[in-house]
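Okay, structure first, notes after.
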Amino acid sequence: MDNKTKLKISPDFLPQLTGSFAQPALENPTVAMVEAAYKYHGLHFRYMNCEVSPENLEAAVNGAKAMGWTGFNCSIPHKVAVIKYLDGLGESAQLIGAVNTIVKQGEKWIGENTDGKGFVKALREVINPADKHITLFGAGAAARAVAVELALAGAKSLTIVNRSKERAQAVVELLNNNTAAKVNYHSWTKKYKIESKTDIVINATSIGLYPNVNEQLDIDFDSIELNMVVADGIHNPPKTHLIQTAETKGCKTVSGLQMLVNQGVIGIKYWTSIDVDPSVMHGELKKVLHIK
């Protein structure tokens with residue numbers, strides 16, 4: 001039977017829909033890597049990058065439900081706000097209190113969180129966080145996810161550095177009450193000096209995210225030492241000021257690009273039950289972001 005005969009018998013012009021709701025959305029390259037994975041693996045799925053403001057989030061979620069989407073991502077600023085429009089949370093997402101991946105399970109919409117999982121997977125390619133002292137900048141939804149997964153991965157201690165004490169203290173109490181890690185809060189004062197006992201330095205803020213690529217963390221960069229592994233959750237650009245500075249000091253680094261690919265692999269698994277090839281996604285990101 002030739003292709004034309006097959007098309008007449010069972011045409012299928014209705015792909016399963018997935019996508020992302022965020023603001024801003026213009027600089028988010030997730031669509032490129034996910035669509036590349038769908039194409040490579042022959043999956044009849046599409047991914048749409050959508051600019052959604054906070055006041056339109058409920059309508060966007062209802063729209064996805066009405067159109068029969070399979071699932072979607074939520075990024076800044078919707079990772080917490082979207083929860084009230086869902087039917088339940090996965091175990092990790094419930095502890096984190098934020099979601100970035102929504103999955104349709106039967107008639108229910110369940111929130112999961114791949115931020116921390118993707119981060120820890122990327123970090124483990126360079127260093128095992130177990131028994132390590134970690135300094136983490138930020139206490140927002142992404143930082144909270146990363147902190148939870150690091151604690152669950154056996155980190156010995158975490159220092160949460162943040163401007164807002166209230167938000168950071170909530171993360172500190174969550175981890176101290178639910179994990180074996182020793183967690184404390186440090187106020188983010190001007191030119192914060194990283195403690196010399198630190199094994200891993202992590203930026204989990206949006207500082208340096210495109211288009212504000214020249215923004216720098218307000219820290220004492222001289223306090224970054226050669227023995228420290230430095231990671232940045234920013235994926236665009238992958239070579240942030242923090243990563244570049246760490247590399248000039250000879251530090252091992254982990255970029256947000258690696259984390260983004262891992263998050264995508266986990267998210268696609270939730271939606272399709274397929275383990276996609278991460279090298280395909282990484283290659284597409286390098287292409288669209290003009291990385292050599």
Quiz item: Between the main-chain N or O of G256 and the side-chain N or O of D232, is there a donor-acceptor pair closer than 3.5 Å?
Solution: no
Quiz item: So, the side chain of S206 versus the backbone of L209: is there a donor-acceptor pair under 3.5 Å, distance only?
Solution: no
Quiz item: Under a 4.0 Å N-O cut-off, is there an ion pair linking D222 with K191?
Solution: no
Quiz prompt | E55 atom CD, over 12 foreign heavy atoms within 6.0 Å | solution = yes
Quiz item: For S92 and K117, what are the C-alpha separation, side-chain angles and deciding distance, and is it a side chain to side chain donor-acceptor pair (under 3.5 Å)?
Solution: CA-CA 9 Å; S92 178; K117 290 181 174 66; 3.2 Å; yes
Quiz item: Is W69 close to M48 at the side-chain level, that is, under 4.5 Å between some pair of heavy atoms?
Solution: yes
Exercise. Identify the heavy atoms of D199 and K132 that sit nearest to each other, and give their distance.
Key: OD2-CA, 3.4 Å
Self-check item: Side chain to side chain, T135 and I200, heavy atoms closer than 4.5 Å
Solution: no
Quiz item: Are any non-hydrogen side-chain atoms of M281 and I268 less than 4.5 angstrom apart?
Solution: yes
Quiz item: What distance separates T198 OG1 from E225 CD, expressed to the nearest 0.5 Å?
Solution: 8.5 Å
Practice problem: Mark yes or no for whether W188, through its side chain, and D218, through its backbone, hold a donor-acceptor pair below 3.5 Å. | Solution: yes
Self-check item: Intermediate values then yes/no, side-chain contact (heavy atoms from CB on, under 4.5 Å), L57 and V82
Solution: CA-CA 7 Å; L57 178 60; V82 74; 4.1 Å; yes
Self-check item: Donor-acceptor under 3.5 Å (T18 side chain, R46 main chain)
Solution: yes
Quiz prompt | Side chain Q258, main chain S255, donor-acceptor under 3.5 Å | solution = yes
Quiz item: Which heavy atom of T253 sits nearest a heavy atom of V126, and at what distance?
Solution: O-CG2, 4.1 Å
Quiz prompt | Summary of ring-ring contact (aromatic ring centres under 6.0 Å, His included) pairs that have at least one residue in residues 228-266, sequence neighbours excluded | solution = F221-H241
Quiz item: Closest approach of I224 and C251, non-hydrogen atoms and distance?
Solution: CG2-SG, 3.8 Å
Exercise. Decide, yes or no, whether a salt bridge links E247 with K239 under the criterion of side-chain N to carboxylate O below 4.0 Å.
Key: yes
Quiz item: Is a donor on one side and an acceptor on the other found under 3.5 Å between the side chain of K197 and the backbone of E195?
Solution: no
Quiz item: Hey, does the side chain of S223 reach the backbone of K193 with a donor-acceptor pair shorter than 3.5 angstrom?
Solution: no
Quiz item: N178 versus L95: any side-chain heavy-atom pair under 4.5 Å?
Solution: yes
When the side chains of residues 167-177 are checked against the rest of the protein, which donor-acceptor pairs come out under 3.5 Å, sequence neighbours left out?
| residue | atom | partner | partner atom | Å |
| --- | --- | --- | --- | --- |
| N176 | OD1 | V183 | N | 3.0 |
| N176 | ND2 | V172 | O | 3.3 |
| N176 | ND2 | V183 | O | 2.9 |
| N177 | ND2 | E173 | O | 3.0 |

Exercise. Output, in order, the C-alpha distance, side-chain angles, deciding distance and verdict of side-chain contact (heavy atoms from CB on, under 4.5 Å) for E112 and I102.
Key: CA-CA 6 Å; E112 300 284 356; I102 291 82; over 6 Å; no
Quiz prompt | Close side-chain approach of P77 to P54, heavy-atom, < 4.5 Å | solution = yes
Practice problem: Examine L136 and V254 and state if one hydrophobic cluster contains both, with Ile, Leu, Val, Met, Phe, Trp and Tyr joined whenever side-chain heavy atoms are less than 4.5 Å apart. | Solution: yes
Quiz item: Would you say I274 and Y40 are hydrophobically clustered, going by side-chain heavy atoms of ILVMFWY under 4.5 Å?
Solution: no
Quiz prompt | Side-chain (T205) to main-chain (I207) donor-acceptor, under 3.5 angstrom | solution = yes
Quiz prompt | Distance (rounded to the nearest 0.5 Å) between H282 NE2 and D277 CG | solution = 12.0 Å
Practice problem: Indicate whether any N or O donor in one side chain lies under 3.5 Å from an N or O acceptor in the other, for N100 and N73. | Solution: no
Quiz item: Is a donor on one side and an acceptor on the other found under 3.5 Å between the side chain of H133 and the backbone of S196?
Solution: no
For residues 21-31, dump all side-chain donor-acceptor pairs below 3.5 Å to protein atoms at least two apart in sequence or in another chain.
| residue | atom | partner | partner atom | Å |
| --- | --- | --- | --- | --- |
| N28 | OD1 | T30 | N | 3.0 |
| N28 | OD1 | T30 | OG1 | 2.7 |

Self-check item: T272 and Y38: CA distance, side-chain angles, deciding distance, side-chain contact (heavy atoms from CB on, under 4.5 Å) verdict
Solution: CA-CA 10 Å; T272 70; Y38 287 164; 4.3 Å; yes
Quiz prompt | Derivation of the ring-ring contact (aromatic ring centres under 6.0 Å, His included) call for Y47 and F72 | solution = CA-CA 8 Å; Y47 188 98; F72 56 91; over 10 Å; no
Quiz prompt | Atom NZ of K249: over 12 foreign heavy atoms under 6.0 Å | solution = yes
Self-check item: Shared hydrophobic cluster, I266 / V99 (ILVMFWY, side-chain heavy atoms < 4.5 Å)
Solution: no
Exercise. Compare all side-chain heavy atoms of I291 with those of P238 and state whether any distance is below 4.5 angstrom.
Key: yes
Exercise. Might you confirm whether atom CD1 of I76 has over 12 heavy atoms from other residues, nucleotides or ligands at distances under 6.0 Å?
Key: no
Self-check item: Test side-chain contact (heavy atoms from CB on, under 4.5 Å) applied to V201 and I194, step by step
Solution: CA-CA 8 Å; V201 179; I194 299 168; 3.9 Å; yes
Quiz item: If you count the non-hydrogen atoms of other residues, nucleotides and ligands that lie under 6.0 Å from OH in Y210, is the total more than 12?
Solution: no
Practice problem: Identify the heavy atoms of L86 and L89 that sit nearest to each other, and give their distance. | Solution: CD1-CD2, 4.4 Å
Quiz item: Can you tell me if CG on N214 sees more than 12 non-hydrogen neighbours from other groups inside 6.0 Å?
Solution: no
Quiz item: Does I134 reach the side chain of I202, with side-chain heavy atoms less than 4.5 Å apart?
Solution: yes
Exercise. Could you tell me which non-hydrogen atom of I160 sits nearest to which non-hydrogen atom of A139, and how far apart they are?
Key: CG2-CB, 4.3 Å
Quiz prompt | Verify same cluster id: L17, W109 (apolar side-chain graph, 4.5 Å) | solution = yes
Quiz item: In terms of hydrophobic clusters joined by side-chain contacts under 4.5 Å, are V261 and W271 together?
Solution: yes
Quiz prompt | Shortest non-hydrogen separation from P129 to R124 and the atoms involved | solution = CD-CG, 3.8 Å
Quiz item: Hey, are the side chains of L123 and L150 touching, using non-hydrogen atoms and a 4.5 Å cut-off?
Solution: yes
